[in-house]
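Letters A, B, ... are given to chains in the order of the sequence lines, protein chains preceding strands, and every chain is numbered from 1. All values below were derived from every heavy atom in this structure, side-chain atoms included, with hydrogens, water molecules and symmetry-related copies excluded.
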There are 2 protein chains.
Amino acid sequence: MPGYGFSGYFCGESFLPVTPSSDHLHPAVSRPEPAVLQQRLAAAGLRATHQRILILESLLVLPGHPTAEQVHRQVMANTPTVSLGTVYKTLDSFVEVGLTKRVASADAQCRRYDSDCSEHHHLYCTDTKEIIDYCNPQLDALIRDFFAKQGLENFQPHSFSLHIAGTRVS
Amino acid sequence: MPGYGFSGYFCGESFLPVTPSSDHLHPAVSRPEPAVLQQRLAAAGLRATHQRILILESLLVLPGHPTAEQVHRQVMANTPTVSLGTVYKTLDSFVEVGLTKRVASADAQCRRYDSDCSEHHHLYCTDTKEIIDYCNPQLDALIRDFFAKQGLENFQPHSFSLHIAGTRVS
DNA sequence: ATGCTTGCAAACTCTTTGCACACCA
DNA sequence: TGGTGTGCAAAGAGTTTGCAAGCAT
């Protein structure tokens, strides 16, 4: 499976590269064309402002699951006048229209965003607090089959995500 | 399966009862004896102060996944002098020694705690923002088998939890 | 031109911290 | 009694809000 990448990050300030190591990897993001971003915004029913294009680009380009703060910093590298408040408002509307997702985390002190809206799972390293994307269609099929056969009463599932806590090993 | 209960709550202020409806339910909590709580604290290596006993009791008694604020309110009903700061500090130490867990939630504005440290899953209702506990040993076995057969490279899983988003249906 | 978006700053919520006093072991 | 835990209040971090000015359609 060529063209696949692996993303990871640390909860603190620093970003760490994560070595490709598994068969269950994520599509690498190539720098998106402004025109494409503009189109995605329009398709989502949002006005394509300069700020929104920058914020969407930052989301797609940043590794892992950035905070509003980290998105802001990335945006500022290009256009230093964009305010943090705008980043918050924009991320909210992106979530609303499905351009991004919020990532669930048990010990989160702040919200994290995930530009990858496809279904995937998360590995939590309890040592380093790292969150690593994990996708495995076989696993998805397994779980989906399970619920198809013996479904949930009184609950219509739309999507699921497995949170696996553990430790990274070299 | 007698003696089983079902817990649910709303993200806002109000609590709603959730009708028992599924086969995959959670043990109902009976009001714990202070002596037992004291023992659990001691076993966890914590001093059994009045406040800690109250907070542990509140955690066990409150339905769903209470916030620090909700725990505090519950504690105050018994002893109105306990401070919110103490509740925070205490919940932190409880998490540290494994007496409680933090619950992951994508759109959490504040931390939620779960006194049920056994492995279980969560149903998120996207309409009502309700979080419903769900446990199903068959599902657990299925997932565990899957990882036993084709494990994760470079990652040693300790526990997992499935987050199922969807909508409640009557 | 109209109305959605932005920047700014203040306000707000949740959580942490420092310190003197209190209390468990 | 010694050292940990608590209450209080202030500070800190993250997020939201209100409003005038700016910009996309």
Show me the side-chain donor-acceptor pairs of residues 40-57 of chain B shorter than 3.5 Å, one per line, residues at least two apart or across chains.
{"residue": "B/T49", "atom": "OG1", "partner": "B/R52", "partner atom": "N", "Å": "3.1"}
{"residue": "B/R52", "atom": "NH1", "partner": "B/R47", "partner atom": "O", "Å": "3.1"}
{"residue": "B/E57", "atom": "OE2", "partner": "B/R31", "partner atom": "NE", "Å": "3.2"}
{"residue": "B/E57", "atom": "OE2", "partner": "B/R31", "partner atom": "NH2", "Å": "3.0"}

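In terms of heavy atoms, A/S161 sits closest to A/H120 at OG-O, 3.5 Å. Taking all atoms of both residues into account, the shortest heavy-atom contact from B/S58 to B/Q74 is OG-CG, 3.2 Å.
Straight-line distance from the CD atom of B/E69 to the C1' atom of C/dT13: 10 Å, rounded to whole Å. Atom pair B/Q38:CD and C/dC23:P shows a separation of 16 Å (rounding to whole Å applied). Atom CG in B/D92 sits roughly 18 Å away from atom P in D/dT4 (whole-Å rounding). Taking atom NE2 on B/H50 and atom P on D/dT6, their separation rounds to 11 Å, with Å as the unit. Between the CG atom of B/L91 and the P atom of C/dT17 there is a distance of 15 Å, given to the nearest Å. Note: CZ (B/F94) to C1' (C/dT15) measures 18 Å, nearest angstrom. Separating the CZ atom of B/R52 from the P atom of C/dA22 is a distance of 19 Å, rounded to the nearest angstrom. In this entry the distance linking CG of B/L46 with C1' of C/dC23 reads 16 Å, nearest Å.
Between A/Y134 and B/F147, the ring planes lie tilted relative to each other; the angle falls in the 30° to 60° range.
Closest to the A/R47 side chain, of the nucleotides C/dA25, D/dT25, D/dT15, is D/dT25. Side-chain proximity of B/K89 to C/dG7, D/dT6, D/dC23: nearest is D/dT6.
Contact annotation: B/T81 side-chain N/O to D/dT6 OP1/OP2 distance is not under 4.0 Å. Phosphate contact (OP1/OP2 of D/dG14, side-chain N/O of B/R111, threshold under 4.0 Å): absent. Note on A/Y88: a side-chain N or O is less than 4.0 Å away from OP1 or OP2 of D/dT15. At the phosphate of C/dT6, neither OP1 nor OP2 sits under 4.0 Å from any side-chain N or O atom of A/T86. Here A/Q51 reaches the OP1 or OP2 of C/dG7: one of its side-chain N or O atoms lies under 4.0 Å away.
Remark: A/Q109 engages B/R111 in a side chain to side chain contact (heavy atoms under 4.5 Å, CB included) (not counting sequence neighbours).
In terms of position along DNA chain D, the nucleotide closest to B/G45 lies nearer the 5' end than the nucleotide closest to the other residue of the pair B/G85 and B/G45. Closest-nucleotide positions on DNA chain D for B/T90 and B/Q109 were compared, and the one nearer the 5' end corresponds to B/T90.
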